[in-house]
Amino acid sequence: MASPAPNPAPDSTALPARDTGMSRLAMGAIALGALAFAVLPLILPTYQVSILTEVLIFAVLAMAVDILAGYTGRTPLCHGAIFGVSTYVVVYWTSQMGGSPYVGVGLGIAAATFVAAIFALLAIRTSGVYFLLLTLALGMIVWGVCLRWTSVTGGENGLRGAVRPAALADGFSFYYAVFAAVAVVAFVMWRFVRSPFGLTLRGIRDSESRMRSLGYNVPAHLFLAFTISGFFAGIAGALYAMFNDFVSPSTVGLSQSVEGLLMAITGGIGTLFGAFIGSFAIIGLENLVSLYTERWQSVLGAMFVLIMIFAPEGILGRIRSFVAQRRR
Amino acid sequence: MNSLNAFQLLNGLTFAALLFIVASGFTLIFGLLRIVNLAHGALYLLGGYAGYAAASASGNFFLGILAAMAVVAATGLVLDQGLLRFVRGYELRQVLLTLGVAFILNDMTLVIFGGDTYTVPAPEFLRGAVRFAGMFYPKYRLFVLALGILIFIALWLLLNKTRLGALIRAGVDDPEMIEAMGINIRRIFLLTFMLGAALAGLGGAVGGAFLTLYPSADAEILVFSLAVVIIGGRGSLVGAAVGALIVGLLNTVGQVMFPEFAYFVIFGPMAAILAFRPLGLFGKAA
């Protein structure tokens, strides 16, 4: 793909596979995955279809996290909050103001983008652990406001409302609406990370000082990347509002951000579509575990610990480095 | 909108003292080991519960404090030697690992103690209020204030007047050099980690007597500690003290004047400080 970006860093070790094209293998896997998501609801019972809907929605959140964590080299812990702001706005708009769900979705995404832009202004000056800490603190502020601002957010009780438009009332048609939306969003994100802008972000990830001396406006790129990532998280949050018809402080809480990040990591940081695998794995596990025990938090924590120790590059990352090794 | 009075100002100061106790442990670990221990809040809560259990079983508040510090320091030992050793040198993986541990610890304390609210029983002579300057003020909160100052002095002496302190300070600046000089830096790291954890436990036991203990208390104290360290700068004791004062007082101002947006009142100054000093007021570049 033609791109004005300067020659990629030769010492880039983060992505072992070629980035410029997509191998036939990867294409086949994506086609297979898309086919599975398209066909599975036809044979699954209603409850599993709703889980699959959730998988798709959270994959968008995980991809939004991946844009920052994988392609920009800044690991955020506030995306649950950005996601949840959108959910809150959509539910509030439809249930308390009686507005149309379509306008609500637009407002929710706009609100999430706006929050992300503010976070970005503060966070882009930092990197590494400081970035993580700052975004964590920013996300917690949103959580604190949602918890305490009882007159608007309903506090601990949250807000309930029938958000879903009548046309999508049953789970089956809603699934396919989400499927279509997620397919479009995933394609746009894929184009985004491969665009000249996306390549510049990777350059910043690999060597900020080099990109700066090449004349790129690094802070502006980081700001835009953060805001765009927040925009996508907002889309996921709006879809979640329609899916769940309910929002409470736990939607914007730390564990939401953590789950989003864990999905991105499980799938493989910097693989974008790995998010679908991560989302499927985590939500599948969550549903499986909750059949046997209420200790999902512990399982989530233990997963985090184990993945950090044994497979920090995630499932897709593992496969990718394995394939790259065999090619050598 | 209410205005502030001396009583609320004192509340802010005592809260700052507690924050300092907790955040000083956090900043010590962060500064020396480069580990952002996101389980620090969970350690605080664990210390609180341990303190509650020991103090109500033995009837002695100070035994509770000791038990809290011991339990949490032991947990710190396990965390460092059992888990963190596998990811040494990877900053981000360390942070995320401690986050996972925080989830587990929080969930386990929920299993054991349930969702109820507990208060660590304060000793008889610290209950009630004293009268001074024309107002009544709870004795216990004054005790926390004094304890905060005491801990500050003790830590300052430890860091500046002892050999261990000199090694810790040197380790903050250049761990490789220390190692090259034949000093077992691993042991110093471990000691610091346990000391930092013990401070979280102390904070939990002390804070549990006036802020009460409940399942989400760990996240709240963690955010405050993060704000303190972001404002004060990594690894700086004075930074932690100044940061704790700023956050504690701002939090009180926020709660009195804008109860629903107390968090924002901390957030504004934090943002301003970051804009001008990304490493915090007293932070030094690594």
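Lettering of chains follows the sequences in order, A, B, ..., and the numbering in each one begins at 1.
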Look at [options] and state which one has the largest set of heavy-atom pairs under 4.5 Å with chain B.
options: A:Leu134, A:Leu254, A:Leu300; value: A:Leu134
options: A:Glu294, A:Met303, A:Met308; value: A:Met308
options: A:Ala302, A:Gly253, A:Ser151, A:Gly301; value: A:Gly301

Which bit of [X] is near chain B, if near means a heavy-atom gap under 4.5 Å: side chain, backbone, both or neither?
X: A:Ile309; result: both
X: A:Leu261; result: side chain
X: A:Leu306; result: neither

Are more than 12 heavy atoms from other residues, nucleotides or ligands located less than 6.0 Å from atom [atom1] of [X]?
X: B:Arg88; atom1: CZ; result: yes
X: A:Phe114; atom1: CZ; result: no
X: A:Phe280; atom1: CZ; result: no
X: A:Glu156; atom1: CD; result: no

Evaluate the side-chain proximity of B:Arg234 to A:Tyr130: yes if any heavy-atom separation is below 4.5 Å, no if none is. yes
How about A:Phe131 and B:Leu92: do any of their side-chain heavy atoms sit closer than 4.5 Å? no
Give the table of side-chain donor-acceptor pairs shorter than 3.5 Å for residues 97-111 of chain B, with sequence neighbours excluded, one pair per line with atom names and distance.
| unit_1 | atom_1 | unit_2 | atom_2 | d |
| --- | --- | --- | --- | --- |
| B:Thr98 | OG1 | B:Val36 | O | 3.3 |
| B:Thr98 | OG1 | B:Leu38 | N | 3.0 |
| B:Thr98 | OG1 | B:Val95 | O | 2.7 |
| B:Asn106 | ND2 | B:Pro215 | O | 3.1 |
| B:Asn106 | ND2 | B:Asp218 | OD1 | 3.2 |
| B:Asn106 | ND2 | B:Asp218 | OD2 | 2.8 |
| B:Asp107 | OD1 | A:Arg295 | NE | 3.3 |
| B:Asp107 | OD1 | A:Arg295 | NH2 | 3.3 |
| B:Asp107 | OD2 | A:Arg295 | NE | 2.9 |
| B:Asp107 | OD2 | A:Ser298 | N | 3.2 |
| B:Asp107 | OD2 | A:Ser298 | OG | 2.6 |
| B:Thr109 | OG1 | B:Leu105 | O | 3.1 |
| B:Thr109 | OG1 | B:Asn106 | O | 2.8 |

Check whether [X] gets within reach of chain A through its side chain, its backbone, both or neither, counting any heavy atom under 4.5 Å.
X: B:Ala227; value: neither
X: B:Phe30; value: side chain
X: B:Leu226; value: side chain

At under 4.5 Å between heavy atoms, what parts of residues 135-144 of chain A are in contact with chain B? List them by residue number. A:Leu136, A:Ala137, A:Leu138, A:Met140, A:Ile141, A:Trp143, A:Gly144
Roughly how far, to the nearest 0.5 Å, is CD1 of A:Ile307 from CG of B:Leu96? 10.5 Å
